Amino acid sequence: MNRAHNFSAGPAVLPVPVLKETADAILNFNNSGMSIMEVSHRAKDFDNVMKEAQADCLKLMNLSPEEYYVMFLGGGASLQFLMIPYNFLHKKADYINTGVWSKKAIKEGKDMAKIFNAEINVAASSDDKNFNYIPTEFNFTPDADYVHITTNNTIYGTEWKDNIPDTKNVPLIADMSSDMFAMKRDFAKYSLIYAGAQKNIGPAGVTMVVIKKQWAEEQARKDVPTMLYYKTHYDSESMFNTPPCLPVFVVSRTFKWIMKQGGLEAIQENNEMKAKLLYDAIDAYPDFYKSAVANPRDRSLMNVTFNCVNPEFEPKFIAEAKEKYNMTNLKGHRSVGGIRASIYNSCPVDTIKALVKFIEEFYKANK
Ligand SMILES: *Cc1c(COP(=O)(O)O)cnc(C)c1O
């Protein structure tokens, strides 16, 4: 198979073995003579896929199935921006604003706050420097209903590593869409974690939500419409309505793939190695390239954002990379420009090495 060097931010690269298993299941799922797309979501074979995906997810997170529940929902991560305040906003919630996705979550929070006569407090923001850093000072509300953070800022290329703030007794909620399972984290710190699958764990069409059940039971509002109520979904084992069966299958295979790589420790080590190759290449020619992130500590392992010191070279860089080496999707997000290489878990190291080589080659040809 002749694979492109795909640097797409999402939907993004998936592991080839997962693509192959999916291709097989699309034609003949478990030798049933039916496609995975043709079987009932209530069929035993599909139920096994769902149950295994949930169990593997908790295993990878080192969380117990007694405490946490995993749901696979539609509506994208964007629907979670609404579901979270709809279920958990009573009086006041804190949000940390680290980019476009945080801002969208804050907007939904504020819209719900108007309806519930509640308040949204932005406890920290890196808006003042166009989101090129992760804040270190917070103005938390001691009795907030929850704190919401975005662990990786896909557009700006910043990421929270082991510097997640201590929210004391206030429940922590995280949008991990673009760095889900990119590194080991203390997942037990969180009351709710969600991730649109299409960045790092699967295809578009499914969002994973991991929820602390007791907290949800005790804290959720009771006036939530059925489909937006988390309880509807965890009480019905994520099968209240037809789940996105095919995307759930791909996610389940991706979890197996992660385990086969050696779990999150191995994945993290590999991601750190890959990101370092790329950042080192950018840092090697400071007269020509510059990282878009102010402090190296905040550099994302997943989305490497950089600029040419002379921005006129950027379109040329992107076009030449595509033309000569079939490197796709290197253009930065339309709201910030520049160059962005998204290098998720399954982005092969050879793809990174090819880009490193091109960074050097382009520098030498144009300096
Ligand atoms: C892509 C992205 C989203 C939006 O996801 P959808 O599934 O398209 O709604 C939200 N948050 C982050 C961090 C993202 O990268």
Side-chain angles (χ1 to χ4, degrees), residues 6-14 70-86 95-109 111 124-127 130-135 146-161 164 172-183 185 187 190 192-210 227-228 233 243-244 246-248 250-251 254 271 292-293 298-305 329 331-336 340-347:
N6 182 2
F7 296 100
S8 173
V13 64
L14 284 165
V70 182
M71 294 166 274
F72 293 103
L73 307 178
S78 299
L79 184 61
Q80 297 308 306
F81 299 161
L82 169 67
M83 278 177 76
I84 288 160
Y86 217 137
Y95 281 71
I96 299 179
N97 182 14
T98 49
V100 165
W101 299 114
S102 305
K103 267 206 245 179
K104 290 191 178 183
I106 291 167
K107 182 192 179 288
E108 296 303 297
D111 286 351
S125 173
S126 48
D127 201 4
N130 199 26
F131 301 112
N132 74 358
Y133 70 104
I134 293 291
Y146 59 83
V147 174
H148 179 283
I149 69 166
T150 313
T151 51
N152 184 68
N153 301 287
T154 327
I155 292 169
Y156 302 92
T158 61
E159 186 176 29
W160 300 82
K161 311 272 175 56
I164 303 280
L172 183 58
I173 294 180
D175 176 359
M176 296 197 183
S177 292
S178 54
D179 70 348
M180 190 73 240
F181 292 146
M183 63 177 76
R185 286 191 187 277
F187 295 105
Y190 299 84
L192 192 153
I193 292 164
Y194 63 101
Q198 70 274 20
K199 310 279 164 60
N200 212 14
I201 55 168
V206 66
T207 304
M208 187 180 91
V209 179
V210 182
M227 272 298 282
L228 299 181
H233 298 286
L246 179 63
V248 170
V250 184
V251 169
T254 307
N271 284 338
V293 177
D298 300 333
R299 289 172 169 182
S300 170
L301 297 183
M302 300 278 96
N303 311 98
V304 177
T305 50
N329 297 294
K331 195 166 191 264
H333 189 268
R334 60 189 184 281
S335 62
V336 291
R340 171 175 59 174
S342 296
I343 52 167
Y344 296 111
N345 288 353
S346 58
C347 179

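Every number for a ligand or one of its atoms is a count from 1 in the order of the listing. On a predicted model such as this, the values are computed, not experimentally measured, just so you know.
- Distance from atom 4 (C) of ligand 1 to its nearest protein heavy atom, with residue and atom name: W101 CZ3, 3.4 Å.
- In terms of modelled atom types and a separation under 3.5 Å, the side chain of N132 and the main chain of V293 share no donor-acceptor contact.
- Close approach of ligand 1 to Q198 (heavy-atom distance below 4.0 Å) involves ligand atoms 5 (O), 6 (P), 7 (O), 8 (O).
- Every atom of ligand 1 is numbered from 1 in the order shown, and the set under 4.0 Å from a heavy atom of T154 is 13 (C), 14 (C), 15 (O).
- Residue L79 does not touch ligand 1, judged by heavy-atom distances below 4.0 Å.
- Residue T150 has no nitrogen or oxygen atom sitting less than 3.5 Å from a nitrogen or oxygen atom of ligand 1, judged on distance alone.
- Ligand 1 places these atoms under 4.0 Å from at least one heavy atom of S177: 10 (C), 11 (N), 12 (C), 13 (C), 14 (C).
- Proximity to F81 (heavy-atom distance under 4.0 Å) selects the following atoms of ligand 1: 10 (C).
- Looking only at heavy atoms of the protein, atom 9 (O) of ligand 1 is closest to S78 OG, 2.6 Å.
- Counting atoms of ligand 1 from 1 in the listed order, those under 4.0 Å from a heavy atom of G76 are 7 (O), 9 (O).
- Looking only at atom types and distance, the side chain of N97 has no donor-acceptor partner in the side chain of S102 under 3.5 Å away.
- At under 3.5 Å, a nitrogen or oxygen of D175, whether backbone or side chain, sits near a nitrogen or oxygen of ligand 1.
- The side-chain heavy atoms of D111 and Y86, taken from C-beta on, include no pair separated by under 4.5 Å.
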### Task
Show your reasoning for whether salt bridge (charged side-chain N to carboxylate O under 4.0 Å, His left out) applies to R185 and D179.
CA-CA 11 Å; R185 286 191 187 277; D179 70 348; 2.8 Å; yes
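- Counting heavy atoms under 4.0 Å from ligand 1, residue K199 touches it through the side chain alone.
- Of the N or O atoms in N152, none lie within a sub-3.5 Å distance of an N or O in ligand 1.
- Distance alone, capped at 3.5 Å, places no donor-acceptor pair between the N152 side chain and the M302 backbone.
- Side-chain contact between F81 and D175 is present, with heavy atoms from C-beta onward closer than 4.5 Å.
- With atom 6 (P) of ligand 1 as the reference point, the heavy atom nearest to it among A77, A12, A9 is part of A77.
- With T150 contributing its side chain and N153 its backbone, the two residues share no donor-acceptor pair below 3.5 Å.
- No part of Y194 comes within 4.0 Å of ligand 1, judged by heavy-atom distances.
- Of the possible polar contacts, none joining the N303 side chain to the A341 backbone as a donor-acceptor pair under 3.5 Å is found.
- A donor-acceptor pair under 3.5 Å is absent between the side-chain atoms of R299 and the main chain of E159, judged by distance alone.
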